[in-house]
Amino acid sequence: MSSPEPARLVDPIYRMTVYQLAVAFSASAWDDAVRLGSCGITRRVASQLYTAAGSIRANLSEGYSRASGADRARLFEYALGSARECRDWYALARPVLGADLVAERDVTLLQIVHLLLAIIPRERRRRITPRDR
């Protein structure tokens, strides 16, 4: 009996570049949150940062599953807000994580933001068919 294929090979959401970036980003955010959590003054920043990072991919997942473009757009807007929120949490984390790492994370977050800014208006106009999901 063969093992099941990884979800990324069978779930169409993995075709979305923005989702791929969000998945990779959330793994990095975990490591960063662990570092921030070890410093008493940034413990709350760690929690907020990781929650916002998880919210990006969660809202993309939920939005991708919606039957109307308007619903998708709304949830993708939530993901956009969470990406921007992460940028602010990283700015506050700079003293612990360092400017270079924060700049690196910012590049990824800006990629996510720019992709969502292109995707959201298209989704608002789109009618979803069953085979798209």
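The chain is numbered in sequence order, starting from 1.
With Ser55 contributing its side chain and Thr51 its backbone, the two residues share no donor-acceptor pair below 3.5 Å. Within the 3.5 Å criterion, the main-chain N or O of Gly54 finds no donor-acceptor partner in the side chain of Ser26. Using a distance-only test at 3.5 Å, with no hydrogens or angles considered, no donor-acceptor pair links the side chain of Ser47 to the main chain of Arg43.
Side-chain heavy atoms closer than 4.5 Å link hydrophobic residues (I, L, V, M, F, W, Y) into clusters, and following such links, possibly through other members, connects Leu60 to Leu117. Hydrophobic clustering (side-chain heavy atoms under 4.5 Å, transitive across Ile, Leu, Val, Met, Phe, Trp, Tyr) keeps Tyr50 apart from Phe25. Under the 4.5 Å side-chain heavy-atom criterion for ILVMFWY residues, a single connected hydrophobic cluster contains both Ile119 and Tyr64. By the criterion of side-chain heavy atoms lying less than 4.5 angstrom apart, applied directly or through intervening Ile, Leu, Val, Met, Phe, Trp or Tyr residues, Leu21 is grouped together with Tyr14 in one hydrophobic cluster.
Residues that satisfy the side chain to side chain contact (heavy atoms under 4.5 Å, CB included) test with Ala58, not counting sequence neighbours, are absent from this structure. Taking Asp31 as the reference, nothing meets the salt bridge (charged side-chain N to carboxylate O under 4.0 Å, His left out) condition, with sequence neighbours excluded. Taking Gln48 as the reference, nothing meets the side-chain hydrogen bond (donor to acceptor under 3.5 Å, both in side chains) condition, with sequence neighbours excluded. Legend: residues meeting salt bridge (charged side-chain N to carboxylate O under 4.0 Å, His left out) with Asp88, ordered by chain and number and at least two apart, are absent. Judged as a side chain to side chain contact (heavy atoms under 4.5 Å, CB included), and not counting sequence neighbours, the contacts of Val23 are Tyr19, Arg57. Glu77 meets the side chain to side chain contact (heavy atoms under 4.5 Å, CB included) test with Ile120, Arg124; sequence neighbours excluded. Applying the side chain to side chain contact (heavy atoms under 4.5 Å, CB included) criterion to Ala83, with sequence neighbours excluded, gives Ile56, Leu109, Ile112, Val113. Qualifying side-chain hydrogen bond (donor to acceptor under 3.5 Å, both in side chains) partners for Arg35, counting only residues two or more places apart in sequence or in other chains: none. Partners of Gln20 according to the side-chain hydrogen bond (donor to acceptor under 3.5 Å, both in side chains) rule, which considers only residues two or more places apart in sequence or in another chain, do not exist here.
In terms of heavy atoms, Ala46 sits closest to Leu36 at CB-CB, 3.5 Å.
Rounded to the nearest 0.5 angstrom, Ile13 CD1 and Glu62 CD are separated by 10.5 Å. Separation of atoms CG (Leu80) and CZ (Arg84) is listed at 4.5 Å; rounding is to 0.5 Å. Here the CZ-OG distance, from Arg87 to Ser82, works out to 14.0 Å after rounding to the nearest 0.5 Å.
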Distance-only criterion, 3.5 Å: show the donor-acceptor pairs between side-chain atoms of residues 90-102 and protein atoms not counting sequence neighbours.
residue: Tyr90; atom: OH; partner: Asp32; partner atom: OD2; Å: 2.5

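Counting Ile, Leu, Val, Met, Phe, Trp and Tyr side chains that sit under 4.5 Å apart, directly or through other members, Leu75 shares a hydrophobic cluster with Tyr78.
Note on residues 107-120: no pairs pass salt bridge (Lys or Arg N to Asp or Glu O under 4.0 Å), not counting sequence neighbours.
Here the side chains of Asp71 and Glu123 are not in contact, with every heavy-atom distance at 4.5 Å or above.
Of the options Val18, Asn59, Leu116, a side-chain contact (heavy atoms from CB on, under 4.5 Å) to Phe76 is made by Leu116 and by none of the others.
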